Amino acid sequence: MIIHDERVAIPFEEYGIKIPQSDRGSMVLQALRQNKDLANHEEQWRYTGPLPLIGPADLERVHNHEYVRALFEDPEPAMLTTYELLDKNGNYHRYDPADAARPLAELSGRAQANAAGTCLAAERALDNGFCFFLGGGMHHATAEGGRGFCPVNDMVVAVRRLQAAGRIARAWIVDVDAHKGDGTAALCLDDPDTSTLSIHMARGWPLDRPSRNADGCLHPSFIPSTVDIPIEQGGEAHYLPALAHGLELLLSIDGRRPPDLAVVVDGSDAYEHDELPSASRLRLSRDQMLQRDLLVYEFLTTLDVPQAWVMAGGYGPRCAEVYVQFLETILARRLG
Ligand SMILES: [Zn+2]
């Protein structure tokens, strides 16, 4: 089952923001519709109903009250911070209001739609075993607020919403985006019911800073996931074996008890053709990207764990290829 929503697909250029992220979700959906084996069965693989309503109570299970209130009442300052649109002198950086067709504050609604899509994907995964949301994956957001282009942590919102509803007890968040899932790790550090795995670039953003702040506290980017797998530059050949080992380790740490749900943060910025400079230290080939996704999918399928997948990072026009090749493979299998 695939979920696509127009609100999460609005390009950043319409907000006057220069982040090279195209409308990936629509590109993926269009490519799937052009697949002759899928084109005639769209009603079997595409969800076309509404997204659930996400309110402050859903977000406050994850983010602090002041930040959630700002998101609903006065989001523009939070968006300037989250999307890093001010330089250290307070001048606009990669943002020009004169180029904007939409107000910056509208990005809060876009973030809520992303969270709603991930919540729905998690619900559908429980019903059907697998669901992919063409959005979401905002893994850098912490309890205090948004950062790194991530206004809310939609994965943790979805997990805690289902836990609050009594539909699941334990969850995994498996993050294969090129950047460390640091916000997710920080949010789940003291959560015994949510285990996290992150495989990511060993250096560069968000790890290119001292690990401790001036007050001696650990910076959020250095808070450990349950399993962290840092990959050094040039280490692409080790990536797939390291991921396979990491997944086994996660299962072992959890006492070999599979969770009730896994959310997979399927960033495509580890692809060699991704265009974001801060993701350039990891350059997996197209086939390695497919093997990566199938490794996670098959590991979870073997354990009979319902899996909700979200897009996360992916920059430039070629990132859609990564999702298309995976979804064509999976949908062909699942639809028989
Ligand atoms: Zn990323």
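Counting starts at 1 for both ligands and their atoms, following the listed order. Please read all numbers here as calculations on a predicted model, not as lab measurements.
Judged as a salt bridge (charged side-chain N to carboxylate O under 4.0 Å, His left out), and not counting sequence neighbours, the contacts of Asp127 are Arg167.
At a threshold of 2.8 Å, the Zn ion (ligand 1) has no backbone or side-chain N, O or S atom of His139 nearer than that distance.
Here the two rings, on Tyr15 and Tyr83, have centers that are 6.0 Å apart or farther.
In terms of distance to the Zn ion (ligand 1), the nearest N, O or S atom of His179 is named ND1. Minimum-distance N/O/S atom of Asp177 relative to the Zn ion (ligand 1): OD1. Summary: OD2 is the N/O/S atom of Asp269 found nearest to the Zn ion (ligand 1).
Evaluated for a side chain to side chain donor-acceptor pair (under 3.5 Å) with Tyr271, the options Glu321, Arg283, Gln288, Arg286 yield exactly one hit, Glu321.
The aromatic rings of Phe130 and Phe132 sit tilted relative to each other, their planes meeting at an angle between 30° and 60°.
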